[in-house]
Amino acid sequence: MTTFSERQPRLGVPQRPFRRSRLDAILGGVCGGLATRFGVRPKSVRVVVAIVSVLFGAGVVLYALLWLLTPRDGDNASIAQHLLRSRSSARTLIGSGGVTLVVLFVLNLFARRATDAVVFTVVIACATGVAVWRGASGDERHHLQEVLAASPVLGAASARGWRAVALRVLPGVVLVVVGMQVLSRIGGVLGGAVPAFVGGGILLIGLAVLGAPWWLTNVRDLSQERRARIRSEERANLAAHVHDSVLQTLTLIERAADDPAEVVRLARSQERALRDWLFAPTDAPTSDSTSFQQLLRELQGDVERDYKIRVELVVVGDCVADGSILALIAAGREAAVNAAKWSGVDTVAVYGEVEAARVALYVRDTGVGFDTSAVDARRQGIVHSIEERVRQHGGDVDIHSRVGYGTEVRLSTPRRREHP
Amino acid sequence: MTQPRVFLVDDHELIRAGLRSALRGAVDVVGEADEVEPAVEMILERVPSVVLLDVHLPGGGGVAVLRAVQTHNLATRFLALSVSDAPQDVISVVRAGARGYVTKNIRGPDLIDAIYRVDAGDVVFSPRLAGFVLDAFAQDSIGDSEVAMIDPELDQLTPREQQVLRLIARGYAYKEISGELAIALKTVESHVSSVLRKLQLSNRHQLAHWANDRRFD
């Protein structure tokens with residue numbers, strides 16, 4: 001297989017030169033190529049060709065000519081050129097053409113209607129088939145073999161053996177022929193409705209016998225194909241994710257093997273990334289970047305990454321984050337960073353809850369704690385900045401701490417009614 | 001006090017090895033299994049007092065083990081253990097009868113504490129499970145407003161129960177909760193048990209939705 005990137009049809013944009021499509025091909029890729037050339041939908045081209053074929057047979061002739069005379073995309077020579085270039089196939093071509101003409105001429109002598117449009121079309125179609133088969137590249141021939149295997153009557157041949165196919169095809173053909181015969185007698189000796197019904201019935205049964213297995217496998221293939229496609233898309237998605245993040249992190253961990261703190265940090269950040277990917281709510285209407293939950297998850301990620309502490313995050317409810325909630329979260333972030341720096345434990349619990357009238361955020365550690373009445377200047381500053389941030393927006397700050405029992409910062413802010 | 005007889009069900013050998021070494025000396029590990037059917041057989045045969053049950057298991061998940069064992073009315077209690085953050089996973093094992101839920105990154109001593117508590121008949125709520133429950137029982141949660149409460153006793157949490165759950169979600173241990181609310185430890189435990197009962201019996205939309213929307217592998 002060549003790694004060849006093919007031109008795609010672009011609506012309204014004609015693309016020269018005209019080449020038969022390699023990827024979008026049912027038979028020869030003529031329709032796909034026409035669609036690219038004139039900048040229309042391939043499906044529209046197919047419908048037009050089908051209609052023209054049914055009405056006049058001209059579609060078939062046109063298709064056959066284009067198939068033979070147009071190179072495939074990426075090729076330089078058409079099938080006709082391939083055929084004429086090698087002497088033996090050219091000879092076969094001229095020979096069989098001559099024989100066909102003679103046969104048609106003889107038939108014409110005996111029965112006058114032998115060379116009408118239908119016969120003509122069928123002959124051209126057959127000739128094209130033979131020519132393509134001889135002149136096509138191995139690649140295209142392979143494609144045609146697949147088409148053949150999937151086609152109605154012959155399809156099962158490769159799978160079930162010719163005998164099974166013959167058992168089905170022969171009765172089918174007989175039924176169809178008998179049905180047509182009976183139908184053609186309408187108005188004859190027996191006349192009237194009976195032959196019409198009987199003939200039509202037999203004809204339908206015959207067609208059903210011929211077509212049913214193909215139709216059934218087609219339906220089955222379709223749903224199987226759809227399922228397989230979904231599965232492979234999922235697998236590709238997963239593989240990309242595992243490769244992009246998990247494998248990279250594992251490599252980093254290997255490299256940082258003698259730095260336990262770094263290993264823990266890497267493992268945690270990877271764990272969080274994977275969790276977000278696996279379990280993040282996909283149906284939450286407000287889970288964009290400005291939602292309360294999302295911002296808290298970001299807080300968790302940042303603090304865990306920068307301070308080597310585990311943040312146990314629990315959030316109940318969600319809402320759009322306005323200015324006061326942003327201030328609340330900024331204060332909560334400082335409180336968590338504070339816990340990471342001073343508490344001496346490796347876990348801080350962050351609990352956020354959206355209630356009807358207010359939003360609350362609790363940041364708690366079970367570390368060394370401090371005496372709230374006698375804090376040193378540096379901590380005093382932090383406490384102040386937390387308090388100021390939240391109080392500016394009408395919120396409340398409550399800091400509980402006891403030496404030896406840990407610290408809890410309780411933050412809350414009233415909810416604005418514009419965001420119910 | 002005799003050590004609880006613990007049975008491990010987890011399909012990952014590494015996790016089982018980690019659990020064994022974390023529990024060594026503190027509890028009596030009587031067996032382990034990595035799939036639903038052998039797990040059920042061995043639990044029925046050995047009748048452990050506590051089963052540490054992975055939520056995700058090949059062959060039906062932890063829920064399948066719970067359902068199969070519970071038809072036999074053993075005294076065995078279940079503590080669910082998972083890495084999953086999905087509420088539907090957690091809620092469905094708890095509704096199927098697990099007495100508690102902890103995440104796999106729990107520390108050794110905390111896990112041992114949880115096992116002893118489940119063995120004594122208490123309920124173990126992780127902060128995350130408390131969060132899920134508060135979410136599910138939230139008064140104004142979407143989808144519940146038009147659904148009439150079928151049984152108000154079961155479909156609502158009392159203010160006290162909500163307080164207790166909030167404190168669990170904030171990272172408080174039971175003892176700290178009893179200190180914070182100035183109530184006896186036994187009272188805290190009975191509140192949590194009552195929440196568990198509501199969680200298992202209530203038909204609130206959110207719970208049913210989570211419990212049905214399972215995706216075990």
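In what follows, chains are A, B, ... by sequence order, proteins preceding strands, each numbered from 1.
Counting heavy-atom pairs under 4.5 Å between each of A:E271, A:R410, A:R310 and chain B puts A:R410 at the top. Highest contact tally toward chain B, considering only A:R364, A:H400, A:E353, A:E408, is held by A:R364 [criterion: heavy-atom pairs under 4.5 Å].
Only the backbone of A:V315 comes within less than 4.5 Å of a heavy atom of chain B; no side-chain atom from C-beta onward does. Contact of A:V316 with chain B is made through backbone and side chain together, with heavy-atom distances under 4.5 Å.
Within the 4.5 Å cutoff, the side chain of B:I43 has heavy atoms near those of the B:V65 side chain.
Counting heavy atoms of neighbouring residues, nucleotides and ligands inside a 6.0 Å radius, atom CZ of A:R391 exceeds 12 of them. Other residues, nucleotides and ligands place more than 12 heavy atoms under 6.0 Å from the CD atom of B:Q70.
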### Query
Between B:E176 and B:Y174, does a side-chain hydrogen bond (donor to acceptor under 3.5 Å, both in side chains) hold up when you go through it step by step?
CA-CA 5 Å; B:E176 293 165 324; B:Y174 287 7; over 6 Å; no

